[in-house]
Amino acid sequence: MIFGFTRQRHKKLDEKYNMYYVLYMTHFGSTIRTQRESLRREDRRFSLRQVAQRIGVEPAYLSKIERGDVAPPSEATTIRLARELGENPDVLLALAGKVSSDLQEIIRKRPQLFAELIRQMREAPDDAILRVVREVRDGDW
Amino acid sequence: MIILENDCLDIRCPEVHDHAWCGIEFQRTLRIPDDGEDHFLPPGLGCFPLRHLDDYAERLPGEWLSRGGVIMPMFQAEALWIGFDADSYPFAIKIATGKICALTGESWVDHLNTDPQDYLVLPEQPWLDGYCVEKGIVRQFVAMPLGEGYTAEEQLQGAAQHGGLQIVAYPMKRERYEKMSKEIGQDDYLASYPEMDMGLAPGGRMQQEIYEDPYGLDAWDQRHPSRCFVTIANSVQWMAITGERPPIKPPTARDYTDAGLPWFDYYDADAKAVSGSDVLKNLKSVKQTGEAKGGAPLPENESIGVSRVVSLQDTRGRKVREYAAGEAVDS
């Protein structure tokens, strides 16, 4: 029975994992399709084919991404897609269930400090978070 | 407040409105020929790197440090354009070089003026490539050493004091924005070489309209300025200060054109352009100043015959002048 329990646990984990997976695929895909089509209404360079060509993927693959049929693309492709569509790369990566490699590197260097900082800021309003962000100092000129 | 994000100035005014945000970037570009002809808009070749000046405090002259802001590398005779990004929240932006307003040629003041208009309005204005010398014509921003008489500042003030670029941004007043939204439904080493400061000078002529403020002076919240001094370092200074290599030199306008790559033309059918500044119109270009001194300060300044021009309409919030290898563009 332990064996059965373990299998069931795995199944539940798989279901949970798949649920997130489907959620990411669907939300990510619909977001980029909505934005691309909005841009295409004013500029035909935002056709599926031309956008796919500019970010270096096959049009059929981009179509599947938009429909949520496949998982979101790699970090590099997601960033190219964000820039192409005028979206924030970090926002699109988050929709894809990812954290950019530069942010991972920053956290890896001082994991305890940044984990604590992020948890402290979890519920803080935007203006409170911006107060801890480093400002460009204005001087006397 | 201004923060530095991926080599862009990210300006936010959460004390005014959660939506009050705009971005400013400095794009590397081709230097257009300074030959008296009116050229099309050159492409963007990627952002110049920007760093906090304070990060290199021990290597900088005290005068540079006192100005605060950021530092950016440019080669002598290299050109730049300034790109603006904004969503729906309007901003008024003043741009000066050496504390000379790039739109009027007047000396720097923090506040906004309308007669003549000395600021740009976002999101209407996507870019600024140079000094507004005539209606629909700018002279390209070109980096030159201070102290040799090329810069706008030296020509108008008779002295090389400031150099660099100066920016102040004002968000629209909260009440005005909300009303409008409802209506529309939505180091020591360096201290010994002060003569190496860099400034911006007027280069070749280019077709670019600076748009009139469609909202009026009263729309801007001048109680909440965001200011920044952008110090320009030459490549030797940049490496000595930051330890980083500057970006490689951009291609020449001729090489770019001969490769069949596109130039750009932009228009906004709904916007009115401001008149150019007579003060700026009378400035000598880098080539003219150089010739008067018996020199030739601009290498590879041959005229070009452009055959491929991409016409761009108003695509607000999008940086459409960036060219990526292999990108399909329409001619």
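To find a chain, count down the sequence lines: A is the first, B the second, and so on, and within it residues start at 1.
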| task | Give a yes or no on this: more than 12 heavy atoms of other residues, nucleotides or ligands lie within 6.0 Å of atom CD of A:Gln104. | result |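 Yes, the 6.0 Å shell around CD holds more than 12 heavy atoms from other groups.
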| message | For the CZ atom on A:Arg40, are there more than 12 heavy atoms of other groups (residues, nucleotides or ligands in this structure) within a distance under 6.0 Å? | response | no
| Distance-minimising heavy-atom pair for B:Met1 and A:Val133 |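 In this case the closest contact between B:Met1 and A:Val133 is CE-O, 4.5 Å.
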| query | So, for A:Asp90 and B:Glu5, which heavy atoms are closest and what is the spacing to 0.1 Å? | reply |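 So the two residues come closest at OD2-OE2, 4.4 Å.
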| Closest-packed option against chain A by number of heavy-atom pairs under 4.5 Å, given B:His162, B:Glu15, B:Gln166 |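 Heavy-atom pair counts peak at B:Gln166.
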| note | If you tally heavy-atom pairs under 4.5 Å between each of B:His52, B:Lys99, B:Arg12 and chain A, the highest tally belongs to B:His52
| Flag side-chain contact, heavy atom, 4.5 Å: A:Arg134 against B:Asp54 | yes
| request: Describe, in one word, how the ring planes of B:Trp108 and A:Trp141 are oriented to each other, choosing from parallel (under 30°), tilted (30 to 60°) and perpendicular (over 60°). | output: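 It falls in the tilted class, 30° to 60°.
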| task | For chain B, find its close neighbours in residues 112-121 of chain A: heavy-atom separation under 4.5 Å, sorted by number, or none. | result |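 So far as heavy atoms go, nothing in residues 112-121 of chain A approaches chain B to under 4.5 Å.
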| request: Counting only heavy atoms closer than 4.5 Å, note whether B:Leu65 contacts chain A via side chain, backbone, both or neither. | output: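 Answer is both: backbone and side chain atoms of B:Leu65 are under 4.5 Å from chain A.
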| said: Between B:Ile167 and chain A, with a heavy-atom cut-off of 4.5 Å, which part of the residue counts as in contact: side chain, backbone, both or neither? | reply: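 Contact with chain A: backbone only.
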| CD/B:Glu63 to CG/A:Asp140 distance, rounded to the nearest 0.5 angstrom? | 10.5 Å
| Passing option when A:Val136 is tested against B:Asp10, B:Val70, B:Leu50 for side chain to side chain contact (heavy atoms under 4.5 Å, CB included) |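 Answer after filtering B:Asp10, B:Val70, B:Leu50: B:Val70.
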